[in-house]
Chemist: 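Pasting a structure below so you can have a look.
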Amino acid sequence: MSEKSEPGQVQSLAAESGFQTFPVAPGYRVNVRSGPGTSYSIVKVLPYDSYVSIRCQGPGTTVSGPYGTTDIWDCIGNGQFVSDAYVQTGSDGYVATRC
């Protein structure tokens, strides 16, 4: 599989989870943390051009990123959170159920 097709593959796999899928800000490798805040440990780093499925959202550390300043954190898996400031949801508020 070519490197160029991988983001589409990731999007397709994420879409099959039943949760809404959103792109991560282009040009950013986003830290995935074990909880909703910058004081939580980094569990992995998303590659460029990733997509994430948001399972639920909740408040945490306020972060500034390409999509504004927010305290909303997106749960993208069990014990995996990213700041909503790096996810293009099309909204400044909640787009999924609260965690």
Side-chain angles (χ1 to χ4, degrees):
M1 174 184 317
S2 75
E3 214 172 292
K4 191 165 183 113
S5 66
E6 286 179 13
Q9 171 98 7
V10 172
Q11 181 181 18
S12 174
L13 293 173
E16 291 173 13
S17 69
F19 299 103
Q20 258 190 300
T21 304
F22 301 94
V24 172
Y28 288 89
R29 296 186 69 225
V30 177
N31 292 332
V32 179
R33 296 190 176 267
S34 62
T38 54
S39 62
Y40 289 89
S41 62
I42 296 171
V43 295
K44 67 180 178 180
V45 179
L46 297 175
Y48 295 113
D49 302 321
S50 293
Y51 285 79
V52 294
S53 292
I54 299 177
R55 295 173 177 220
C56 60
Q57 295 176 299
T61 306
T62 298
V63 173
S64 293
Y67 299 116
T69 300
T70 184
D71 70 347
I72 298 173
W73 284 75
D74 305 331
C75 177
I76 61 168
N78 190 22
Q80 298 180 32
F81 293 83
V82 295
S83 171
D84 196 58
Y86 288 89
V87 180
Q88 186 179 9
T89 62
S91 173
D92 288 338
Y94 287 87
V95 297
T97 59
R98 296 262 185 136
C99 296

Chemist: Quick one: do Val45 and Phe22 end up in the same hydrophobic cluster if we chain Ile, Leu, Val, Met, Phe, Trp and Tyr together by side-chain heavy atoms under 4.5 Å apart?
Modeler: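 The answer is no; the residues belong to distinct hydrophobic clusters.
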Chemist: List, one per line, each side-chain donor-acceptor pair under 3.5 Å for residues 61-72, sequence neighbours excluded.
Modeler:
residue	atom	partner	partner atom	Å
Thr61	OG1	Thr38	N	3.2
Ser64	OG	Thr69	OG1	2.7
Thr70	OG1	Ile72	N	3.0

Chemist: What distance do Cys56 atom SG and Ile76 atom CD1 have between them, rounded to the nearest 0.5 Å?
Modeler: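 Reported to 0.5 Å precision, the distance equals 11.0 Å.
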Chemist: Quick one: closest heavy-atom pair of Arg33 and Ile42, and the distance?
Modeler: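 Scanning both residues, the minimum pair turns out to be NH1-CG1, 3.5 Å.
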Chemist: List the atom pairs, donor and acceptor, that lie under 3.5 Å between side-chain atoms in residues 25-32 and the rest of the protein, sequence neighbours left out.
Modeler:
none

Chemist: Grab the two heavy atoms, one from Ser53 and one from Thr21, that are nearest each other, plus how far apart they are.
Modeler: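 So the minimum-distance heavy-atom pair works out to OG-OG1, 3.3 Å.
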Chemist: Under 4.5 Å between any side-chain heavy atoms of Val24 and Tyr51, yes or no?
Modeler: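 Result no, sub-4.5 Å side-chain heavy-atom pair not found.
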Chemist: Could you list the donor-acceptor pairs under 3.5 angstrom formed by side chains in residues 92-99, with sequence neighbours left out?
Modeler:
none

Chemist: What are the two closest heavy atoms between Trp73 and Val82, and how far apart are they?
Modeler: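 Here Trp73 and Val82 meet closest at CE3-C, 3.4 Å.
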Chemist: Taking it one step at a time, do Phe19 and Ile54 satisfy side chain to side chain contact (heavy atoms under 4.5 Å, CB included)?
Modeler: CA-CA 6 Å; Phe19 299 103; Ile54 299 177; 6.0 Å; no
Chemist: Find out if a path of hydrophobic residues (ILVMFWY) with successive side-chain heavy-atom gaps under 4.5 Å connects Phe81 to Val43.
Modeler: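 The answer is yes; both residues are in one hydrophobic cluster.
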